[in-house]
Student: 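Got a structure for you, questions after.
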Amino acid sequence: MASLAFDDQVYNREVSFCKVYSKEDKEKLEKLFLKNRISYFIEWQERSFFARMFGTDKQKNVFTIRINEADVDKATELVQGIESVKVKRAKEE
């Protein structure tokens with residue numbers, strides 16, 4: 001039985017696409033991505049104790065959405081007009 005060898009090739013092309021600040025908009029974004037066949041990963045950002053105690057309501061929920069770099073242009077067009085979604089620059093990472 002032969003094993004597969006990959007010579008320093010990178011297959012993970014995932015980039016941080018945007019940050020979302022409300023659960024409602026996160027759910028809207030999920031449905032939009034599923035409908036348009038864009039795979040995604042959502043990171044829920046933990047906040048420190050002091051940020052939870054003294055932070056504003058806007059900071060209550062922060063989600064980072066990661067997508068494949070090939071879908072960035074299409075996803076950017078789709079999310080325009082959705083409130084509380086802050087798109088990062090595509091070449092940020």
Side-chain angles (χ1 to χ4, degrees):
M1 179 180 258
S3 64
L4 297 174
F6 298 104
D7 299 322
D8 297 328
Q9 294 179 0
V10 177
Y11 291 99
N12 184 5
R13 300 286 188 195
E14 190 176 88
V15 295
S16 292
F17 173 66
C18 67
K19 288 190 182 271
V20 181
Y21 297 96
S22 76
K23 286 185 181 181
E24 295 81 19
D25 287 336
K26 177 188 72 77
E27 291 170 1
K28 240 190 257 186
L29 193 61
E30 284 181 277
K31 289 177 184 177
L32 188 64
F33 282 172
L34 288 172
K35 182 179 177 183
N36 289 282
R37 303 182 64 108
I38 296 175
S39 63
Y40 62 90
F41 174 74
I42 299 175
E43 293 177 312
W44 185 307
Q45 303 216 308
E46 294 294 325
R47 296 186 306 137
S48 69
F49 174 74
F50 290 110
R52 284 182 283 185
M53 294 298 292
F54 303 112
T56 63
D57 285 339
K58 183 179 178 183
Q59 295 175 339
K60 196 176 242 182
N61 298 305
V62 179
F63 307 97
T64 300
I65 311 294
R66 298 180 63 83
I67 64 173
N68 188 297
E69 69 182 357
D71 294 326
V72 170
D73 293 334
K74 182 178 180 181
T76 302
E77 291 175 14
L78 293 172
V79 300
Q80 288 183 351
I82 298 178
E83 293 181 26
S84 79
V85 175
K86 183 181 177 189
V87 176
K88 295 182 173 189
R89 284 185 262 141
K91 302 296 182 195
E92 191 169 300
E93 290 190 0

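Because the structure is a prediction, the values reported are computed rather than measured. Residue numbers start at 1 and run along the sequence shown.
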Student: In terms of heavy-atom contacts, does NZ of Lys23 have more than 12 from other residues, nucleotides or ligands at under 6.0 Å?
Tutor: no
Student: About how many Å separate CD1 of Ile65 and CD of Glu14, when rounded to the nearest 0.5 Å?
Tutor: 11.0 Å
Student: Return the CZ to SG distance between Phe63 and Cys18, rounded to the nearest 0.5 Å.
Tutor: 11.5 Å
Student: Please set out all donor-acceptor pairs under 3.5 angstrom arising from side-chain atoms of residues 31-42, sequence neighbours excluded.
Tutor:
from  : atom 1 : to    : atom 2 : distance (Å)
Asn36 : ND2    : Leu32 : O      : 2.9
Tyr40 : OH     : Glu30 : OE2    : 3.3

Student: Could you pull out all residues at least two apart from Lys19 that satisfy side chain to side chain donor-acceptor pair (under 3.5 Å)?
Tutor: Gln45, Thr64
Student: Run the salt bridge (charged side-chain N to carboxylate O under 4.0 Å, His left out) test against Asp25 and tell me which residues pass, sequence neighbours left out.
Tutor: Lys28
